[in-house]
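Right, one structure below, let's go through it.
So you know, we letter chains A, B, ... as the sequences are listed, proteins then strands, and number each from 1.
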Amino acid sequence: MEDLARDFLGVELMSTEQLLGTGRAARKPTAVEDNEAAEFSARRAEAILNLRPRLEAEMSNLGVDYLFHEIELPLAGVLADMESEGVAIDVPYLKQMQEELGSQLAAIESEVEQVAGERFNLNAPQQLATVLFEKLRLPVGKRTKTGYSTDADTLEALRDKHPIVPLILDHRQLSKLKSTYVDALPQLVDPLSGRVHTSFGQASTATGRLASSNPNLMNIPIRTELGQRIRRAFKAGRPDHVMVSADYAQIELRIAAHLSGDPMLLDAFKAGQDIHTATAAAVFKVPIEAVDPGQRRLAKIANFGSIYGQGEYGLSQQLGITGDVAREFLGQYWSTYSKLREFLDDLRRQAREEGFVVSATGRRRAIPDLRSPNFQLRGAAERMAINFPMQSLAADIIKIAMVRLQREIEADQIEGRMLLQVHDELLFEVPRSELDQFAEKVPRIMTGAYELETGIEVEMKAGPNWADMKKLAVVRA
DNA sequence: TACTACCGCCAC
DNA sequence: AAACGTGGCGGTAGTA
């Protein structure tokens, strides 16, 4: 509102944050004086009234009417429902983890003190760098703007050089997960509902994805054992309910195949093959059955990297292979998916000419640096342009599904609720008695949200919490 | 105490 | 010199 009023009307509006304050000094909306609230609201109301015709015209000029009226506007209500519904977390369970992790951290800290010969703050990268690279004289790897880097990649390379290094890495993981999730989440439980209520940002990403904040429920750990334990705290909060999750399988890669029309990629999806195995088979020129796990891993990383604009160097770093091997592999990769390469090249070229990109639903992204003389800025801009069509269409497909799903849930007067969206996944809390209904409804609507030449695949899971879920079905359509 | 820059890292 | 896109956030350190 503040930005729009400034840009279109030349009016300065007070922000809600300015009105209420932030952090410790924040006050509740009810604490605002009547005259203050009246002026705040009246100024905003006036701005809205004057903005409307300006914005309607702007949207019409830009061709984003469909996006606005058919997707974003109805979605707003769905997101409001989800925020208000909240999700249950097991607070006593997290409190217990808090203690356990606390003593594990203390134990590591003592060990580090023994090995380093001094006590220092392991959470301070600067202090850590002094100990590692000056006191212990470990070989210096990457540097940051302000000194030695101590990031995970750097430390991983030093793992066997000194016994302190694995201790630091363990400490990092524990301390990250404890402070960000185990300590923080219980404090964010709403006393009224007994659940955590995220805020979905509907207009805070450049690609049309949602964002989640206070707390961010889109980055709950899953990868490691400890991460799984944290995720386990997100549970069905009502009697005789279960968590149901539905996620799109390789949606962005399917979109890449669809938009580029690449025959190799399309065929692999149409044949229902595991896409990464199929990629490995084609690139290494071996039969599907002969693909080994290492080859599949390489192909999987290349498949993701390609739609992010990753180059040789990035691929070699991520895989821990030499630049030569990465170059050789990418050569084979792009000759396999030559139509995809053409598509991405055209995209880059057209984006550079226009200075913006447009998605299949009309979503636009302006990328001014596409014409920058600065190699680095231009490179980053081109990668944004390359990623945009896939990421943004995927975002719109799941949004369409959410709007339709919520309509059907309301129409059928179903008890089960949509709780969260995590980019390609929807999470529901469902009465056991409605499980069959959801298992039919959700994948039907999700796969039907958009027509892709590859088809769309949705995997359904259910269980007592967000970590322990069993596969219900995989639906392709 | 509040704010910001920076480093680092969680997710998709 | 940098090298893979989209985010949010915790902790430290410096400053107001």
Between [Y] and [X], is there a salt bridge with N-O shorter than 4.0 Å?
X	Y	answer
D262(A)	R341(A)	no
E429(A)	R195(A)	yes
R349(A)	E353(A)	yes
K339(A)	E342(A)	no

Between [X] and [Y]: side-chain donor-acceptor atoms closer than 3.5 Å:
X	Y	value
Y148(A)	T154(A)	no
E457(A)	Q250(A)	no
Y450(A)	D396(A)	no

Rounded interatomic separation in angstrom, taking [atom1] from [X] and [atom2] from [N]:
X	N	atom1	atom2	result
L226(A)	dC9(B)	CG	P	15 Å
Y313(A)	dA3(C)	OH	C1'	6 Å
Q310(A)	dA2(C)	CD	C1'	14 Å
M218(A)	dT6(C)	CE	C1'	10 Å
K142(A)	dA1(C)	NZ	P	16 Å
H171(A)	dG8(B)	NE2	C1'	14 Å
D153(A)	dC10(B)	CG	P	11 Å
D170(A)	dC9(B)	CG	P	13 Å

May I ask you to say what [X] touches in the nucleic acid, namely base, sugar-phosphate or nothing, with a heavy-atom cut-off under 4.0 Å?
X	answer
S212(A)	sugar-phosphate
A152(A)	sugar-phosphate
G305(A)	nothing
Q391(A)	base
A394(A)	nothing
L217(A)	nothing

Tell me which residues in residues 456-477 of chain A lie within less than 4.0 Å of DNA chain C, going by non-hydrogen atoms.
none
How would you summarise protein contacts on nucleotides 10-16 of chain C per nucleotide, using B for base, S for sugar-phosphate only and - for none, with heavy-atom distances below 4.0 Å?
SSSS---
Same-atom distance (P) from dG8(B) to dA2(C), integer angstrom
15 Å
For nucleotides dC7(B) and dA3(C), find the distance between their P atoms and express it as a whole number of Å.
14 Å
Using the closest heavy atom to pick a nucleotide of DNA chain C for each, name whichever of F375(A) or N387(A) lands nearer the 5' end.
F375(A)
Between the base of dC12(B) and the side chain of R209(A), is one N or O donor paired with an acceptor at under 3.5 angstrom?
yes
Counting heavy atoms from C-beta on, name the nucleotide in dC9(B), dG7(C), dG5(C) closest to the side chain of N219(A).
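Closest nucleotide to the N219(A) side chain: dG7(C).
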Would one find a side-chain N or O of [X] under 4.0 angstrom from OP1 or OP2 of [N]?
X	N	answer
T150(A)	dG8(B)	yes
T144(A)	dC7(B)	yes
R365(A)	dT6(C)	yes
S149(A)	dG8(B)	yes

Would you indicate whether the side-chain heavy atoms of Q127(A) and L132(A) approach each other to under 4.5 Å?
no
Less than 4.5 Å apart, side chain to side chain, heavy atoms only: is that true for L101(A) and L226(A)?
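The answer is yes; the side chains approach within 4.5 Å.
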Determine whether the aromatic ring centres of residues F304(A) and Y308(A) are separated by less than 6.0 angstrom.
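Here the rings of F304(A) and Y308(A) have centres that are no less than 6.0 Å from each other.
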Tell me if the aromatic rings of H258(A) and F343(A) count as close, with their centers under 6.0 Å from one another.
no
